[in-house]
Amino acid sequence: MNPTHTPPSLRLGMALLCACAAAAADPGYYDDLETLFGPADVSTATGNGRLTVCVNAYGRITSCRWPSPGFHDQLDYRTRAFDAPLLGVEPDHGAMWGIRLGETTRWLTGPPWQSSQRWPLSVAPVIRTTSRIPDSSLTVTQSLLVNPRYDVLLAHIALAGAEPPPLLYWYANFAPCTRLVAELPIADWMLDQCNDFAVFAQPEPLTIYHFRPIAPGKDTWDRAQRLLRQHAFAHQAASFGEGVWIALTSPHATGALQCGVPGESGSAYHQATDGPLEGKRAAVGRCNSVLALEPVAEKAGTSALVYIAFGHTKHEVDTILERARQTSYDGHERAAILHWGAAVAPIAL
């Protein structure tokens, strides 16, 4: 092969391969890989063969791969080192629950929470994470489930021992990716600063959309900025067409939300941490969002639910959310058990 005619992406891939091969002969090989890629922060995963969601030991979502398990990660999440607190992950990365107790928001991402995980049935990919704070009566159980038939993630939270019931936050730092680097699958996680596009909220039912069109150019970005200034995203965003669309909604939304940009004063994470939410309904660039939820009373405490749909167009995710809202969380879980039970029944182990 003539080096002068080798595609740039292939030359970069060959360079990385040579670097890893050289590192393999060195005692610090795995340290070099960790420096390059970051340590894994995954305890388990749930999916349906298209949407695949990974979480860590505290229930924080660390990866959302769609439209297949081997395709782009649609979430901004990057670890740095094993010896760093929480593996060096930025506090506003990923997707997670927050609990507003008085004037303090406690994110379910690490200490002082003590967490454990279990899987109720081997044939149903339901992830349960139970978290407690020492010397506190509060117990929090997170449940995550991907519908086996269509691409929606259900994030359920149940609280016991919380009086009065606290305000809940669902926070997400999605980074929709449509960028393909030929023969080098790094566009989604190593180039997150180049991904994402916009986030906006629309009422009735209150829904937050993160999206990125296919190959947005300067005109596309200029149009997004213009719609932001005109407060017109909710009416015209669908005209951006196909790409990656991620929509989230909840039957328990209070109406309070924030769409922002990480690192800026309007960042959704910092707004939810410091309170109150300003209510900004759109942002352009690298975006995050938070939705405030009022938990509903149950026999053993309170609970709340969020639906997160993934699709190629706004119409597609709207259709998925409409379908998902017709069934309770318990109904979705029972359907998943039946589906996967029937799928594995013919397998002889």
Side-chain angles (χ1 to χ4, degrees), residues 38-49 51-66 69 73-75 77-79 82 84-91 93-99 105-148 152-162 166 168-173 248 293 295 298 300-308 328-330 332-337 339-341 343-344:
D41 190 18
V42 175
S43 62
T44 187
T46 179
N48 60 8
L51 173 61
T52 302
V53 177
C54 301
V55 301
N56 67 8
Y58 290 95
R60 185 180 189 176
I61 297 179
T62 62
S63 176
C64 289
R65 292 195 170 271
W66 183 86
D73 184 5
Q74 309 292 350
L75 190 69
Y77 197 86
R78 184 77 185 274
T79 61
F82 272 115
L86 301 181
L87 303 183
V89 177
E90 296 293 332
H93 279 197
M96 62 256 191
W97 288 101
I99 301 175
T105 299
R106 293 187 180 273
W107 297 102
L108 288 161
T109 57
W113 295 102
Q114 295 179 349
S115 300
S116 61
Q117 285 179 332
R118 63 188 179 91
W119 301 265
L121 288 172
S122 60
V123 297
V126 182
I127 304 168
R128 297 237 204 280
T129 307
T130 301
S131 303
R132 298 179 177 85
I133 296 178
D135 302 321
S136 170
S137 61
L138 177 62
T139 300
V140 180
T141 301
Q142 304 171 67
S143 299
L144 284 172
L145 170 67
V146 171
N147 187 285
V152 62
L153 168 69
L154 289 86
H156 182 271
I157 188 170
L159 297 88
L168 301 176
Y169 288 131
W170 173 258
Y171 167 82
N173 192 347
L248 63 96
L293 309 176
E298 293 185 342
T302 57
S303 68
L305 173 65
V306 175
Y307 303 98
I308 306 106
S328 67
Y329 175 79
D330 289 341
H332 279 280
E333 189 169 304
R334 286 193 297 269
I337 292 172
H339 174 89
W340 290 112
V344 303

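- Between Ile61 and Leu153 the shortest heavy-atom distance is CD1-CD2, 3.8 Å.
- For the pair Leu154/Tyr307, a side-chain contact is recorded, criterion being any heavy-atom separation below 4.5 Å from C-beta on.
- Heavy-atom minimum distance, Arg128 versus Ser143: NH1-OG, 2.9 Å.
- Taking the side chain as every heavy atom from C-beta outward, Phe82 and Leu87 approach each other to under 4.5 Å.
- At a threshold of 4.5 Å between non-hydrogen side-chain atoms, the residues Thr141 and Ser303 do not count as touching.
- With rounding to the nearest 0.5 angstrom, the NE2 atom of His332 is 14.0 Å from the NE2 atom of His339.
- Judged by distance alone, the side chain of Gln142 and the main-chain N or O of Ile127 form no donor-acceptor pair under 3.5 Å.
- With respect to Ser131, the side-chain contact (heavy atoms from CB on, under 4.5 Å) criterion is satisfied by exactly one of Ile99, Leu108, Thr109: Leu108.
- In this structure, Trp107 and Tyr171 have perpendicular ring planes: the angle between them is above 60°, well past the 30° mark.
- The CD atom of Gln74 lies 9.0 Å from the CZ atom of Arg65; values are rounded to the nearest 0.5 Å.
- Between Thr46 and Val146 the shortest heavy-atom distance is OG1-N, 3.7 Å.
- Between Ala304 and Pro295, the shortest heavy-atom distance links the atoms CB-CA, 4.4 Å.
- Of all heavy-atom pairs spanning Pro134 and Pro112, the tightest one is CD-O, 3.4 Å.
- Residues meeting the side-chain contact (heavy atoms from CB on, under 4.5 Å) test with Pro69, sequence neighbours left out: Thr52.
- Taking 4.5 Å as the limit, some side-chain heavy atom of Leu138 sits within range of a side-chain heavy atom of Trp113.
- Atoms OG and CZ, on Ser115 and Arg60 in that order, are 12.5 Å from each other to the nearest 0.5 Å.
- Shortest non-hydrogen contact noted between Trp340 and Pro125 is CD1-CD, 3.3 Å.
- To the nearest 0.5 Å, atoms CG (Leu145) and CG (Leu305) are separated by 10.0 Å.
- Looking at heavy atoms from C-beta onward, Trp170 lies in side-chain contact with Trp97 at the 4.5 angstrom threshold.
- Side-chain contact check for Gln117 and Ser43: at least one donor-acceptor pair (N or O, by modelled atom type) lies under 3.5 Å.
- Asp73 places a side-chain N or O within 3.5 Å of a backbone atom of Cys64 that can act as its donor or acceptor partner.
- Rounding to the nearest 0.5 Å gives a distance of 10.0 Å between CZ of Arg118 and OG1 of Thr129.
- Between Leu168 and Leu159 there is a side-chain heavy-atom pair separated by less than 4.5 Å.
- Taking 4.5 Å as the limit, every side-chain heavy atom of Leu75 sits out of range of all side-chain heavy atoms of Ser63.
- Rounding to the nearest 0.5 angstrom, the gap separating the CE atom in Met96 from the CD1 atom in Ile157 is 12.5 Å.
- With a 4.5 Å cut-off on side-chain heavy atoms, Thr44 and Val55 count as touching.
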